[in-house]
Amino acid sequence: RWRAEALDHYLPKGWSFGVFAGAELQGFILAQPLLFYRGMTQTIWVEHLEFNSREVATQLLDTAYRWARDKHLQCLLVENSGENAAILSDWPHARPLDDRWIEIRSARF
């Protein structure tokens, strides 16, 4: 569902990440901040997560999570799809908000 124009918009912002093996892209995460969403100052919305293996997805999400903690952001919102839910099922700070979203808390609240 993501559009190619999203890469042009998101990549220069510094909120998105990719995993490469040499010159080959193994996966990427497109994300952007949401300000004052659900009463939190800053949330990272993961618009799209694309990966070719569970390890790549875990690496991408871990990078986004660590980046959010480093920048004092409060949580990441990830779409509650079957693949994402399976990857995040073992994460201690991840919890489903509803049928549509999984929240990964990156700060205490």
Side-chain angles (χ1 to χ4, degrees):
R1 296 180 324 188
W2 67 279
R3 296 171 36 160
E5 297 87 13
L7 290 175
D8 293 333
H9 174 77
Y10 287 121
L11 291 179
K13 306 285 186 220
W15 300 91
S16 301
F17 307 96
V19 172
F20 292 86
E24 185 179 334
L25 183 63
Q26 302 293 306
F28 61 91
I29 191 169
L30 297 178
Q32 67 174 307
L34 293 175
L35 302 178
F36 309 113
Y37 178 69
R38 295 176 44 236
M40 289 181 259
T41 307
Q42 293 184 346
T43 297
I44 294 181
W45 167 44
V46 176
E47 180 182 344
H48 188 78
L49 174 62
E50 185 81 27
F51 52 91
N52 64 4
S53 71
R54 183 181 181 99
E55 293 77 25
V56 168
T58 300
Q59 186 177 10
L60 287 165
L61 287 167
D62 186 59
T63 300
Y65 171 78
R66 289 174 186 269
W67 197 89
R69 284 191 52 85
D70 183 61
K71 301 299 179 191
H72 308 289
L73 302 173
Q74 292 155 318
C75 78
L76 283 78
L77 280 181
V78 180
E79 190 172 359
N80 192 355
S81 68
E83 288 181 319
N84 293 348
I87 290 164
L88 292 169
S89 64
D90 296 331
W91 282 52
H93 305 292
R95 67 181 187 98
L97 288 178
D98 53 33
D99 291 342
R100 192 145 185 239
W101 299 106
I102 297 171
E103 174 185 74
I104 304 171
R105 293 183 175 193
S106 55
R108 292 182 185 179
F109 58 92

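Worth saying up front: this structure is predicted, and the values here are computed from it rather than measured.
- In terms of the side chain to side chain donor-acceptor pair (under 3.5 Å) criterion, Asn80 has no residue partners (sequence neighbours excluded).
- Judged purely by atom type and a 3.5 angstrom limit, Arg54 uses its side chain to pair as donor or acceptor with the backbone of Ala86.
- Contact record, Ser106 with Cys75: OG-N, 3.2 Å, taken as the closest heavy-atom pair.
- Taking the side chain to side chain donor-acceptor pair (under 3.5 Å) definition, one finds that Ser81 meets it with Asn84, sequence neighbours left out.
- Between Val19 and Thr63, the closest side-chain pair of non-hydrogen atoms is not below 4.5 Å.
- Between Glu55 and Gln26, the closest side-chain pair of non-hydrogen atoms is not below 4.5 Å.
- The shortest non-hydrogen separation linking Gly27 to Leu60 is C-CD1, 3.7 Å.
- Residues satisfying the side-chain contact (heavy atoms from CB on, under 4.5 Å) criterion with Ala57, sequence neighbours excluded, are Phe51, Ile87.
- Contact check for Ile102 versus Trp91: no side-chain heavy atoms found under the 4.5 Å cut-off.
- Residue Leu97 comes nearest to Glu103 through the heavy atom pair CG-CB, 3.7 Å, listed as atom of the first residue, atom of the second, then distance.
- Leu30 and Ser16 make their closest contact through CA-OG, 3.4 Å (heavy atoms, listed as atom of the first residue, atom of the second, distance).
- With sequence neighbours left out, Arg66 forms a side-chain contact (heavy atoms from CB on, under 4.5 Å) with Asp62.
- In this structure Ala64 satisfies the side-chain contact (heavy atoms from CB on, under 4.5 Å) test together with Phe17, Ile29, Leu76, sequence neighbours excluded.
- For Asp98, the side-chain contact (heavy atoms from CB on, under 4.5 Å) partners at least two apart in sequence or on another chain are Arg100, Trp101.
- Across Tyr65 and Ile104, no two heavy atoms sit closer than the pair CD1-CG2, 3.6 Å.
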